[in-house]
Amino acid sequence: MTTDASGPGTSSKQRREAGVRALLAAYTVGDPDEPLRLDDLLAGLGKRVFGMLLVIAAIPAFIPVPGLAGAISGPLTVIVGAQLLLGFRRPWLPRFLKRRGPYRHTLIGFERRISPLLARIERRIRPRMAGVLDSRLAASFTGLLVVLLGILLALPIPFTNYLFGVLLLAFALALLERDGALMLLCWAAGLIAIAVFGVASGALAAAVAQWLTPLLQGAG
């Protein structure tokens with residue numbers, strides 16, 4: 001039986017207010033071989049739930065297994081971005097996916113690897129410029145960038161997994177910490193990454209065309 005990933009005695013209010021490092025540290029407490037369900041990991045996070053889902057989506061990009069990021073991180077990132085683009089207030093996941101999730105030892109390794117970086121970043125971020133996060137138009141723009149980055153992450157572009165993974169973590173931090181100023185920086189970095197690795201190389205256009213062709217043929 002899966003237990004609450006945040007640990008016993010942690011209220012919904014505490015989870016909504018906890019920083020990213022605190023959330024990740026709480027999830028690592030327990031049996032390392034225990035699988036953690038996505039619906040448990042996302043429970044009680046309020047408006048920050050998309051941020052945590054984006055963190056989970058980015059984790060495979062930091063695991064040095066060929067093809068893992070493209071097979072898992074890319075599609076899951078596209079799902080998160082599409083729902084932000086369409087204005088969902090809470091993420092929708094198929095039942096079979098909600099009941100699945102990473103093993104705790106995966107989160108333990110990720111938390112150990114990323115915690116020193118988060119410690120430096122968290123000193124500089126704080127809740128501000130809420131309009132950049134809560135505006136319908138701004139949220140849709142964030143979703144569009146996340147979708148495009150997810151498509152790029154799914155492509156076999158050499159030496160880009162960590163780059164896109166870090167960028168997606170920055171988007172996740174902006175959503176989790178409610179930092180609109182950080183989100184503006186993410187927009188700029190995302191546009192640059194999409195321009196350099198997607199538009200300039202032609203990879204993004206080719207991927208979008210490949211995805212759309214069957215849909216257009218079916219509609220015809």
Report yes if some heavy atom in the side chain of Leu173 is under 4.5 Å from a heavy atom in the side chain of Met183; otherwise report no.
no
Quick check against the 3.5 Å criterion: does Arg178 have a side-chain atom that pairs as donor or acceptor with the backbone of Ala174?
no
Could you tabulate the donor-acceptor pairs under 3.5 Å formed by side-chain atoms of residues 82-101, not counting sequence neighbours?
residue, atom, partner, partner atom, Å
Gln83, OE1, Trp92, N, 2.4
Gln83, NE2, Trp92, O, 2.7

Criterion side chain to side chain contact (heavy atoms under 4.5 Å, CB included) on His105 and Asp33, from CA distance to verdict
CA-CA 6 Å; His105 62 73; Asp33 294 323; 3.8 Å; yes
Minimum heavy-atom distance Val55-Ala172, with the two atoms named:
CG2-CB, 3.5 Å
Can any side-chain N or O of Ser140 pair as donor or acceptor with the backbone N or O of Arg136 at less than 3.5 Å?
yes
Side chain to side chain, Leu176 and Met52, heavy atoms closer than 4.5 Å:
yes
What distance separates Leu36 CG from Tyr103 OH, expressed to the nearest 0.5 Å?
10.0 Å
Is Glu122 salt-bridged to Arg21, cutoff N-O under 4.0 Å?
yes
So, do Ile151 and Val78 sit near enough that their side-chain heavy atoms are less than 4.5 Å apart?
yes
Student check: side-chain heavy atoms of Pro102 and Leu41 closer than 4.5 Å:
yes
Distance check, rounded to the nearest 0.5 Å: Thr28 atom OG1 versus Leu23 atom CG?
11.0 Å
Any side-chain to backbone donor/acceptor pair from Tyr27 onto Arg104? Under 3.5 Å, distance only.
no
Exercise: identify the closest heavy-atom pair between Ala170 and Leu182:
O-CD2, 3.8 Å
Work out which heavy atom in Gly180 is nearest to a heavy atom in Leu133; give both atom names and the distance.
N-CD1, 4.1 Å
So CG of Leu149 and CZ of Phe197: to nearest 0.5 Å the spacing works out to 11.0 Å
Considering non-hydrogen atoms only, spot the tightest contact between Ala58 and Gly165 and give its length.
CB-O, 4.2 Å
Donor-acceptor pairs under 3.5 Å, side chain of residues 107-118 to any protein atom, not counting sequence neighbours: which ones?
none

Using the rule that Ile, Leu, Val, Met, Phe, Trp and Tyr join whenever any side-chain heavy atoms are under 4.5 Å apart, tell me whether Leu155 and Tyr162 fall into a single cluster.
yes
Where Ser73 and Leu153 come nearest, the two heavy atoms and their spacing:
CB-CD2, 3.4 Å
For residues Phe62 and Val166, determine if any side-chain heavy atom of one lies less than 4.5 Å from a side-chain heavy atom of the other.
yes
For Gly81 and Val147, the nearest pair of non-hydrogen atoms, with its separation, is C-CG2, 3.4 Å
Output for pair (Asp179 CG, Leu184 CG), nearest 0.5 Å, gives 9.0 Å
Spacing of CG belonging to Asn161 relative to CG belonging to Leu152, to within rounding of 0.5 Å
11.5 Å
Separation of Ile59 CD1 from Ile72 CD1 (nearest 0.5 Å):
10.5 Å
Using a 4.5 Å cut-off on heavy atoms from C-beta on, say whether the side chain of Trp187 contacts that of Phe171.
yes
Flag the pair Leu54 / Leu76 as yes when at least one side-chain heavy-atom distance between them is below 4.5 Å, and no otherwise.
no
